[in-house]
Amino acid sequence: MAHIEEIANHEGRSVTLRGWLHKRRSSGKIHFLTVRDGTGFIQAVMSKAAVGEELFLQAGHLGQETAIVIQGEVRADARAPGGYELDVSEMSVAGETRDYPIAPKEHGVDFLLDRRHLWIRSERQHAILRIRHTVINAVRDFLNNQGFTLADTPIFTPAACEGTTTLFQVPYFDHATAFLTQSGQLYNEANAMALGRVYSFGPTFRAERSKTRRHLTEFWMVEPEMAYATLDDAIDLAESLITAVVARALETRGRELETLERKRGSLEAIQAPFPRITYDEAVHMLQNHGRPIEYGDDFGGPDETFLAEQFDRPVAVHHYPTATKAFYMKPDPEHPDLSLSVDILAPEGYGEIVGGGQRLDDLDLLLRRITEHDLPQEAFEWYLDLRRYGNVPHAGFGMGIERLVAWICGLEHVRETIPYPRMLYRLTP
RNA sequence: UCCCCUGUAGCUCAAUUGGUAGAGCGAGCGGCUGUUAACCGCUAGGUUGCUGGUUCGAGUCCAGCCGGGGGAGCCA
């Protein structure tokens, strides 16, 4: 038994592959069967002389995506995309297929998304999902090696974290309404006071009526939080995390990046240090290029794209106006109208992949901000306890996995980075 | 919530000014010993998103509805 991704280890030997028929071409007395097994794709060559009349005839009528078990000798071949081919000696059908709906041809987005459960079998989607897996693993490995403890935060939450307009509501038995989490932020702060360096990693939900290539209603976010830490610590961490993740993808997913025709050069440029500019500098850059932005405004999508295009690696924009950020963001003690916040914008127009900063640790000011934001104080009593008992400076950020993967893969749309994307008008399959 | 685009065969798309709905791919059958979205031949495949209107005649023009895509705002 062998797997395609490590087929090179079996050169010259006969192996058995269990998989599915991805494509088939025939040329008289020879069939070319592209077989996939979940780990990769390989071309199996079946000649009538080698397998006999009966099996050859059967193979000639197999439908695309028929489950097959094949046996054959592994042979290096310069003509093969992966460098190896299989000379088939035996084949059996494990599961029949007739009229597989997705042809190896052009299809529209709607058609493919309706058949997402089958679309993920394609070479391109396979490559993307494998890279997603590698990215998630690299994130976890990096944080674990830096002494972070995984402490996941609840998905059912009793109240909003940053506002109430973008939350999904769920009936919670017959006595309450729960909200699906939009961030583990507040719980991460509590966990950091218990465990020092922590992170949460899970799905988050935003009921924003966004219909763009950067938005999903359900997406995955990793949120590290550190006690005894400042804004600069958070930026340093994000920088080394992103660098490590990109390096891992380059190192272990070269084949998949090649399938996606992703240029390695732009990923190889992702090295620390990242450029760091203040919000003020960013506004000047935008205004100098004629973009209509007022000082004090948050950036729009096109503004972020413009800023990111000025650099060959992610850019950290810090010290946003306090008014544009969440209530728990700490104002700069020397310039209270600016906050100790940071967004990291990915290159090539992929937008904000990281948002975070240093948290507001002054109890009185926090109480005032909660009132200013019209938030119910009683819902935040537990959070305020963190400022009452052993309060220390702390910082962290959230990083969106789908935007990160879309950028690393060079995709047009984040919907391809998750097995089953959830969007404004799409809830199935 | 707002703006723009779009809906014809299983898929991707044609169809001149309103005048007999076509092609390629896919599927089925056959041919071909090195194909890479192979190639060649044959066959089957249509309530032109839905409802109504104008007209001798509507895929085409008009109205409403439904579906899809992209963007703004908001965000990761």
Side-chain angles (χ1 to χ4, degrees), chain A residues 22-34 41-50 56-57 60-61 63-65 75 77-82 85 87 97-115 119 122-124 161-163 165-167 181-185 203-223 238 297-305 324-326 342-346 350-356 397-407 412-415 417-418 423-426:
Chain A
H22 188 62
K23 286 182 219 172
R24 177 169 52 80
R25 288 175 296 277
S26 294
S27 182
K29 299 184 176 58
I30 185 165
H31 292 312
F32 300 98
L33 311 172
T34 304
F41 295 75
I42 194 169
Q43 176 162 284
V45 183
M46 178 190 276
S47 72
K48 193 188 269 187
F56 189 83
L57 191 67
H61 290 269
Q64 194 191 339
E65 286 303 323
R75 174 173 44 75
D77 192 316
R79 292 169 294 190
E85 289 189 343
D87 285 323
T97 291
R98 199 118 311 260
D99 297 324
Y100 185 69
I102 301 179
K105 291 285 174 185
E106 290 170 22
H107 296 288
V109 171
D110 186 38
F111 177 83
L112 290 171
L113 282 172
D114 281 343
R115 292 157 186 77
W119 187 21
S122 78
E123 196 165 8
R124 179 183 163 81
C161 173
E162 305 184 19
T165 55
T166 59
L167 289 168
T181 180
Q182 62 177 183
S183 165
Q185 167 60 33
T204 55
F205 307 86
R206 305 267 170 103
E208 293 155 0
R209 304 183 87 82
S210 297
K211 272 182 62 172
T212 81
R213 68 189 70 200
R214 301 186 307 280
H215 286 89
L216 299 171
T217 55
E218 175 184 310
F219 65 98
W220 286 65
M221 190 155 67
V222 57
E223 295 178 274
D297 289 352
D298 205 347
F299 304 129
D303 295 325
E304 287 185 351
T305 299
T324 66
K325 290 291 176 183
V342 62
D343 284 356
I344 295 183
L345 310 177
Y350 285 93
E352 184 186 341
I353 50 172
V354 163
F397 59 84
M399 181 166 75
I401 294 299
E402 285 74 18
R403 285 189 185 174
L404 180 66
V405 173
W407 163 53
E412 281 291 307
H413 201 299
V414 291
R415 65 186 161 216
T417 64
I418 187 167
M423 294 175 288
L424 180 51
Y425 295 120
R426 191 171 290 278

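What you are looking at is a predicted structure, and each value in this text was computed from that prediction instead of being measured. Quick note: numbers below take in every heavy atom, side chains included, and nothing from hydrogens, waters or symmetry partners.
Contacts of Phe41(A) classified as ring pair (Phe, Tyr, Trp, His ring centres under 6.0 Å), with partners at least two apart in sequence or in another chain: His22(A), His126(A). For Phe299(A), the ring pair (Phe, Tyr, Trp, His ring centres under 6.0 Å) criterion is met by Tyr279(A), Tyr320(A), not counting sequence neighbours. Not counting sequence neighbours, the partners of Lys325(A) by the side-chain hydrogen bond (donor to acceptor under 3.5 Å, both in side chains) test are Asp343(A). For the side-chain hydrogen bond (donor to acceptor under 3.5 Å, both in side chains) test, residues two or more places apart in sequence or in another chain that qualify with Asp87(A) are Arg75(A). For Glu352(A), there are no side-chain hydrogen bond (donor to acceptor under 3.5 Å, both in side chains) partners, not counting sequence neighbours. Scored by the side-chain hydrogen bond (donor to acceptor under 3.5 Å, both in side chains) test, Arg25(A) finds Gln43(A) as partners (sequence neighbours excluded). Partners of Arg98(A) by salt bridge (charged side-chain N to carboxylate O under 4.0 Å, His left out), not counting sequence neighbours: none found. Take Lys23(A) and apply the salt bridge (charged side-chain N to carboxylate O under 4.0 Å, His left out) test, not counting sequence neighbours, and it matches no residue.
Contact annotation: His107(A) does not reach the phosphate of G68(B) (side-chain N/O to OP1 or OP2, under 4.0 Å). The side chain of Arg213(A) contributes no N or O atom lying less than 4.0 Å from OP1 or OP2 of G69(B).
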* Asked: Just by protein heavy atoms under 4.0 Å, how would nucleotides 36-50 of chain B read 5' to 3' in B, S and -?
  -> BBB------------

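Classification of Arg426(A) and Asp110(A) as a salt-bridged pair holds, one side-chain N sitting under 4.0 Å from a carboxylate O.
Comparing G31(B) with G49(B), their P atoms sit 40 Å apart, to the nearest whole Å. Comparing the P positions of C50(B) and A23(B) gives a spacing of 23 Å, expressed to the nearest Å.
Met423(A) is listed as a side-chain neighbour of Arg415(A), based on a closest heavy-atom distance under 4.5 Å.
Paired regions of RNA chain B, where each region holds three or more successive Watson-Crick or G-U pairs whose two hydrogen-bonding distances fall under 3.5 Å, are B:1-7 with B:66-72, B:10-13 with B:22-25, B:27-31 with B:39-43, B:49-53 with B:61-65.
With the nearest nucleotide of RNA chain B identified for both Phe32(A) and Pro101(A), Pro101(A) has the one nearer the 5' end.
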Nucleotide N/O of nucleotides 1-3 of chain B paired with protein N/O under 3.5 Å:
{"unit_1": "U1(B)", "atom_1": "O4", "unit_2": "Arg209(A)", "atom_2": "O", "d": "3.1"}

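Taken residue by residue, residues 214-223 of chain A places heavy atoms nearer than 4.0 Å to RNA chain B at Arg214(A), His215(A), Leu216(A), Phe219(A), Met221(A).
Straight-line distance from the CD atom of Gln64(A) to the P atom of A27(B): 7 Å, rounded to whole Å. Between Asp343(A) atom CG and C75(B) atom C1' the separation is 10 Å, expressed in whole Å. Across the protein-nucleic acid pair, Lys29(A) atom NZ and G31(B) atom C1' stand 10 Å apart, rounded to whole Å. Distance CG (Leu112(A)) to C1' (G26(B)): 14 Å, rounded to an integer number of Å.
Shown here for Glu402(A) and Leu216(A), the closest heavy-atom pair between the two residues is CG-CD1, 3.7 Å. Ile30(A) and Val45(A) get closest at one heavy-atom pair: CD1-CG1, 3.5 Å.
Residue contacts for Tyr100(A): at a heavy-atom cut-off of 4.0 Å it reaches no nucleic acid atom on any strand shown. Residue contacts for Arg115(A): at a heavy-atom cut-off of 4.0 Å it reaches no nucleic acid atom on any strand shown. Backbone-only contact: Gly108(A) has heavy atoms under 4.0 Å from sugar-phosphate atoms and none from a base.
Candidate nucleotides G30(B), G68(B), C75(B) were compared by shortest atom distance to the side chain of His61(A), and G30(B) ranks first. Of the candidate nucleotides C32(B), A27(B), A76(B), A76(B) has the atom lying nearest to any side-chain atom of Arg206(A).
No hydrogens or angles considered: a donor-acceptor pair under 3.5 Å links the side chains of Thr166(A) and Gln182(A).
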